[in-house]
Amino acid sequence: MMKDDNVGKILFGWTSFIRKFVLRVLRVGPIPSHIAVIMDGNRRYAKKKKLDEGAGHDAGAFALLCLLVNCYELGVKYLSAYAFSIDNFRRKPNEVQKIMDLLRESITLLTRIAKHLPVRVHFAGNLALLSADLRDAALRLMEATAGYSKFVFTICVCYTYSDEIIHAVQESCQEKCNHIQEIRGIDACGHQDENLIKLADIEKHMYMAIAPDPDILIRTGDEYRLSNYLLWQTSCTQLSSLSTLWPEFSIWHLVWVVLNFQLNNPYLEKKKMQL
Ligand SMILES: CC(C)=CCC/C(C)=C/CC/C(C)=C/COP(=O)(O)OP(=O)(O)O
């Protein structure tokens with residue numbers, strides 16, 4: 001279980017001189033605007049440390065909140081995390097329940113953190129699949145932090161890219177239908193091109209519309225797949241697969257990944273221009 005005194009540990013326990021110095025040095029180079037993470041290796045971490053499975057996810061949530069603080073201080077503007085995919089509902093019921101409980105605790109913790117760090121928290125995914133109380137807590141946190149614009153933390157929950165694209169297409173169709181109904185009988189024939197669904201319509205209705213495409217996607221736990229995560233948004237993203245288990249992800253891994261981004265940046269920028 002994540003404890004409330006973790007707020008202090010996350011915000012103040014890590015503010016060492018070395019950490020601040022390292023982040024300042026890193027800021028000399030280009031800073032990624034958006035970092036996304038696939039947090040693999042929580043159960044393996046628990047096994048390695050001879051803990052129960054839930055403790056691995058607790059440690060993973062703590063690592064994520066530390067990354068949030070480090071990204072904020074580094075000057076990154078968006079952090080997105082794949083916290084729970086729709087496919088994860090196929091796991092054992094007690095494991096699903098534990099992750100849901102952890103999400104609930106994380107919402108409480110983030111509400112407290114937001115009092116110290118002006119972070120906008122956004123939940124991206126099919127929130128209708130969450131239990132009513134968890135969905136309400138998520139919506140309340142989104143509403144409470146909606147006024148912050150310096151940093152956006154997106155928690156992808158009940159998310160898969162396939163679901164995101166179906167959602168965006170359905171919403172776009174619905175919007176066009178409403179539009180056609182409005183103009184029917186006035187000048188419907190003259191609006192044919194307007195009635196076609198365009199790229200901008202789809203993008204507007206993506207769950208991830210709140211953030212630009214990620215500059216870096218980190219996957220831990222020695223996995224090299226995208227697992228239905230942000231497939232639309234990652235055509236020009238630097239992929240960093242690390243063998244580290246997620247709960248062991250530290251500031252040094254972040255430094256390594258950002259340094260690689262800085263080295264590759266001229267190439268990535270050139271590729272973006274060619275799109
Ligand atoms: C603050 C916040 C939103 C917290 C998120 C909590 C958290 C770490 C969720 C990760 C969930 C998950 C299914 C990870 C994959 O690791 P795994 O369980 O598949 O582990 P394995 O790769 O060792 O099997």
Side-chain angles (χ1 to χ4, degrees), residues 1-4 6-7 9-11 35-72 78-114 117 119-125 127 129-130 134-135 137-142 145 151-160 207 217-230 241-250 253:
M1 220 197 211
M2 290 259 289
K3 293 202 185 80
D4 264 13
N6 275 336
V7 178
K9 260 199 234 164
I10 289 161
L11 289 174
I35 296 182
V37 287
I38 305 180
M39 307 173 285
D40 257 306
N42 300 285
R43 291 181 295 192
R44 278 171 278 163
Y45 172 83
K47 210 168 177 182
K48 182 174 146 188
K49 297 278 173 189
K50 299 191 173 38
L51 302 167
D52 70 86
E53 255 178 24
H57 289 113
D58 286 350
F62 183 69
L64 177 60
L65 296 175
C66 291
L67 175 64
L68 165 72
V69 175
N70 284 328
C71 284
Y72 180 92
Y78 300 86
L79 173 67
S80 302
Y82 203 6
F84 193 82
S85 87
I86 294 178
D87 300 329
N88 288 147
F89 277 114
R90 285 194 231 122
R91 292 188 176 198
K92 287 177 277 172
N94 68 329
E95 191 188 329
V96 172
Q97 189 53 51
K98 274 190 183 161
I99 298 179
M100 292 299 155
D101 290 345
L102 180 58
L103 270 173
R104 197 173 287 108
E105 287 162 24
S106 302
I107 289 174
T108 310
L109 208 53
L110 281 165
T111 309
R112 299 191 58 198
I113 288 176
L117 281 190
V119 169
R120 177 172 184 182
V121 183
H122 180 71
F123 287 83
L127 302 190
L129 299 178
L130 289 175
L134 192 48
R135 186 171 53 250
L139 293 175
R140 274 199 304 276
L141 180 57
M142 283 203 270
T145 59
F151 188 97
V152 180
F153 177 37
T154 301
I155 301 174
C156 298
V157 65
C158 304
Y159 175 95
T160 55
Y207 293 138
L217 173 60
I218 302 170
R219 182 159 196 173
T220 55
D222 218 8
E223 296 280 358
Y224 297 83
R225 299 165 292 120
L226 290 181
S227 298
N228 221 340
Y229 188 50
L230 306 185
S241 280
L242 305 178
S243 55
T244 317
L245 304 176
W246 175 253
E248 292 172 337
F249 187 90
S250 71
H253 299 103

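Keep in mind it's a predicted model, so treat the numbers as computed, not measured. What you see below is based on every heavy atom in this structure, not just the backbone, and it leaves out hydrogens, waters and symmetry mates. Both counts, for ligands and for their atoms, begin at 1 and track the order of listing.
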Of all the atoms in ligand 1, which lie at a distance below 4.0 Å from a heavy atom belonging to [X]?
{"X": "Gly60", "answer": "8 (C)"}
{"X": "Ile155", "answer": "3 (C)"}
{"X": "Leu102", "answer": "6 (C)"}
{"X": "Asp40", "answer": "15 (C), 16 (O), 19 (O), 22 (O)"}

For the aromatic rings, using the six-membered ring if either is Trp, is the centroid distance between Tyr72 and Phe153 under 6.0 Å? no
At under 4.0 Å between heavy atoms, is it the side chain or the backbone of [X] that contacts ligand 1, or both, or neither?
{"X": "Asn88", "answer": "side chain"}
{"X": "Arg91", "answer": "side chain"}
{"X": "Asn42", "answer": "both"}
{"X": "Ser106", "answer": "side chain"}
{"X": "Leu110", "answer": "neither"}

Quick one: does Leu67's side chain get under 4.5 Å of Phe249's, heavy atoms only?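 Counting from C-beta outward, Leu67 and Phe249 do come under 4.5 Å.
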Rounded to the nearest 0.5 Å, how far does [atom2] of [Y] lie from [atom1] of [X]?
{"X": "Thr108", "Y": "Arg112", "atom1": "OG1", "atom2": "CZ", "result": "9.5 Å"}
{"X": "Asn88", "Y": "Tyr82", "atom1": "CG", "atom2": "OH", "result": "7.0 Å"}
{"X": "Tyr207", "Y": "Leu230", "atom1": "OH", "atom2": "CG", "result": "13.0 Å"}
{"X": "Ile155", "Y": "Ser106", "atom1": "CD1", "atom2": "OG", "result": "7.0 Å"}

Would you say Tyr82 and ligand 1 have an N/O pair spaced under 3.5 Å apart? no
Flag Arg44 as yes when one of its N or O atoms lies below 3.5 Å from any N or O atom of ligand 1, and as no otherwise. yes
Under 3.5 Å, side chain of His253 to main-chain N/O of Ser250, donor-acceptor pair present? yes
Any donor and acceptor pair, going by atom type alone, linking the side chain of Ser241 with main-chain N or O of Asp222 inside 3.5 Å? no
For Ser227, all residues meeting side-chain hydrogen bond (donor to acceptor under 3.5 Å, both in side chains), sequence neighbours excluded: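 Expected list: Arg219, Arg225.
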Ala83 touching ligand 1 at heavy-atom level, < 4.0 angstrom: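 Ala83: in contact with ligand 1 (<4.0 Å).
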Is there a heavy atom of Ala81 sitting under 4.0 angstrom from any atom of ligand 1? no
